[in-house]
Amino acid sequence: MARVAIVTGGTRGIGRAICERLHADGFTVVANYAGNDAAAEQLKADTGIRSYKWDVGDHEAALAGCKRVEEEVGQIDVVVNNAGITRDGVLHKMSYDDWHEVMRINLGGCFNMAKACFPGMRERGWGRIVNIGSINGQAGQYGQVNYAAAKSGIHGFTKALAQEGAKFGVTVNAIAPGYIDTDMVAAVPPPVLEKIVAKIPVGRLGHAHEIARGVAFLCSEDAGFVTGSTMSINGGQHMY
Ligand code: CAA
């Protein structure tokens, strides 16, 4: 029977590309999303992939949502923690709410999804968790103390949980994307983005499918010896 994979924030951007890639690789894929019903319907119409709506930053909602997926689709073998938001601003202008929302969703979401799914993977002796970090969690970024802290936290979370999962056949890895041509990056003011792109040795933004390919490898049988690692996919912008 096909393994079940859930991708948070899976109906748009990088998440959607990951859903499509894992679907093509033979997983039974479900997407989680928080707000955009039209994107969820579009994903279903284009690919047949079902979506489930909840806020990954809400602990109880994540536990209940994953339970529902397990009842309706099957035990979850693969979690891709992709959901994330930005609330950019320099620290002296950043509100506590902008700090807290980014931590709650980007980092808290990883904890909530792992709490829901890791115990079952551990008991069954097989699992894959892939957390989407960021170049900005590795290198920092002007105007992103919240996002950089949350993404850096994801890299620490990954290495700690990898140690707990290793002897149970559960691998936990991270991907650190650079600047990818998604709506999130399109929201960066054009003059700022131009300067960022000028510093990417490959000379362009990345594409969502280039991240999805890395995720697919980490979810495969072949990657059973890869755990606690971070795969940087950033066009050479930061070599870490
Ligand atoms: N380093 C040093 N100084 C910088 C700087 C940098 N990287 N960026 C801006 N500054 C300076 C500016 O030159 C300016 O200085 P002066 O006033 O002396 O001219 C000052 O900081 C203020 O800059 P802004 O006018 O841009 O300030 P603002 O308050 O209007 O906006 C900001 C600040 C919202 C942070 C804006 O600069 C911005 O959006 N930056 C982009 C942040 C970014 O890269 N976000 C990534 C989003 S995508 C993502 O996160 C996905 C991923 O994982 C990669």
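Atoms within each ligand, like the ligands themselves, are counted from 1 in listed order.
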- Query: Please walk me through it: do Asn81 and Ile129 pass side chain to side chain contact (heavy atoms under 4.5 Å, CB included)?
  - Reply: CA-CA 8 Å; Asn81 283 310; Ile129 297 179; 4.0 Å; yes

Distance-only criterion, 3.5 Å: show the donor-acceptor pairs between side-chain atoms of residues 199-209 and protein atoms not counting sequence neighbours.
from   : atom 1 : to     : atom 2 : distance (Å)
Arg204 : NH1    : Glu210 : OE1    : 3.1
Arg204 : NH2    : Glu210 : OE2    : 2.8
His207 : ND1    : Asp181 : OD2    : 2.9

- Thinking salt bridges, do Arg104 and Glu101 make one under a 4.0 Å N-O criterion? yes

- Query: Under a single-linkage rule joining Ile, Leu, Val, Met, Phe, Trp and Tyr whose side-chain heavy atoms are separated by less than 4.5 Å, which residues share a cluster with Val130?
  - Reply: Val7, Ile14, Ile18, Leu22, Phe27, Val29, Leu43, Ile49, Val78, Val80, Trp126, Ile132, Ile175, Ile180, Ile211, Val215, Phe217, Leu218, Val226, Met231, Ile233

- Non-neighbouring partners of Pro189 that pass side chain to side chain contact (heavy atoms under 4.5 Å, CB included), sequence neighbours left out: Pro191, Val192

- Distance-only donor-acceptor check, side chains Asn173 and Ser229, under 3.5 Å: yes

Between ligand 1 and the protein, which N/O pairs fall short of 3.5 Å?
from     : atom 1 : to     : atom 2 : distance (Å)
ligand 1 : 21 (O) : Tyr142 : OH     : 2.4
ligand 1 : 29 (O) : Lys93  : NZ     : 2.8
ligand 1 : 44 (O) : Gln141 : NE2    : 3.3
ligand 1 : 44 (O) : Tyr179 : OH     : 2.8
ligand 1 : 45 (N) : Asp88  : OD2    : 2.8
ligand 1 : 45 (N) : Gln144 : NE2    : 3.4
ligand 1 : 50 (O) : Gln144 : NE2    : 3.0
ligand 1 : 53 (O) : Ser134 : OG     : 2.6
ligand 1 : 53 (O) : Tyr147 : OH     : 2.7

